[in-house]
Amino acid sequence: MDKEQVARIGFEIVAYSGEARSNFIEAIQKVKNGESKEEVKQLIEVGNASLNLAHNSQTQLLAKEAGGEEVELGFIFVHGQDHLMTTNLLKDILEFLMDIYKP
């Protein structure tokens with residue numbers, strides 16, 4: 001895969017992770033404010049769906065490299081990985097906060 005193809009995957013990961021992050025942040029606010037448990041669950045479900053799309057994009061690239069294809073990495077992909085990992089951490093924090101605030 002050339003650098004442009006890898007960058008496209010990196011942008012996908014950033015976009016999907018960003019969508020998930022926004023949903024998780026909104027869910028945290030709702031938990032903190034004692035808002036509807038159903039609204040929080042809905043935001044988490046939508047966030048998880050976006051996070052799964054980000055993982056799928058990442059897996060697509062990993063599978064190609066594992067299959068022996070040469071993959072030319074660039075900063076955009078690394079940036080996407082950063083977004084994905086911090087969004088995963090935010091999801092973990094959200095789960096802990098839900099236990100604390102018990103919406």
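Worth knowing before you read on, the calculation uses all heavy atoms, side chains too, and leaves out hydrogens, waters and symmetry mates.
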Problem set entry | Main-chain N/O of Glu4 paired to Asp2 side chain as donor or acceptor, under 3.5 Å | yes
N/O donor to acceptor pairs below 3.5 angstrom from side-chain atoms of residues 38-48, sequence neighbours left out:
unit_1	atom_1	unit_2	atom_2	d
Glu39	OE1	Lys30	NZ	3.0
Asn48	OD1	Lys91	NZ	3.2
Asn48	ND2	Ile44	O	3.4

Problem set entry | Partners passing side-chain contact (heavy atoms from CB on, under 4.5 Å) against Leu62 (at least two apart in sequence or in another chain) | Gln58
Seminar exercise, completed: Besides Val78, the hydrophobic cluster formed by Ile, Leu, Val, Met, Phe, Trp and Tyr side chains linked at under 4.5 Å, directly or via other members, contains none
Seminar exercise, completed: The complete set of ring-ring contact (aromatic ring centres under 6.0 Å, His included) pairs with one or both residues in residues 55-78, sequence neighbours excluded, reads none
Problem set entry | Pairs meeting criterion side chain to side chain donor-acceptor pair (under 3.5 Å) with involvement of residues 59-70, two or more places apart | none
Problem set entry | Reported CG-to-CD1 distance for the pair Leu84 and Ile13, which is rounded to 0.5 angstrom | 6.5 Å
Problem set entry | Test side-chain hydrogen bond (donor to acceptor under 3.5 Å, both in side chains) applied to Thr87 - qualifying residues, sequence neighbours left out | none
Seminar exercise, completed: So side chain to side chain donor-acceptor pair (under 3.5 Å) across residues 18-27, not counting sequence neighbours, yields Glu19-Ser50
Seminar exercise, completed: Residue set satisfying side-chain hydrogen bond (donor to acceptor under 3.5 Å, both in side chains) with His79, at least two apart, ordered chain then number -> His83
Exercise. How does the hydrophobic cluster around Leu53 look, that is, which other residues are in it when side-chain heavy atoms under 4.5 Å mark a link?
Worked result: Tyr16
Problem set entry | Co-members of Ile76 in a cluster of I, L, V, M, F, W and Y side chains, linked at under 4.5 Å | Phe11
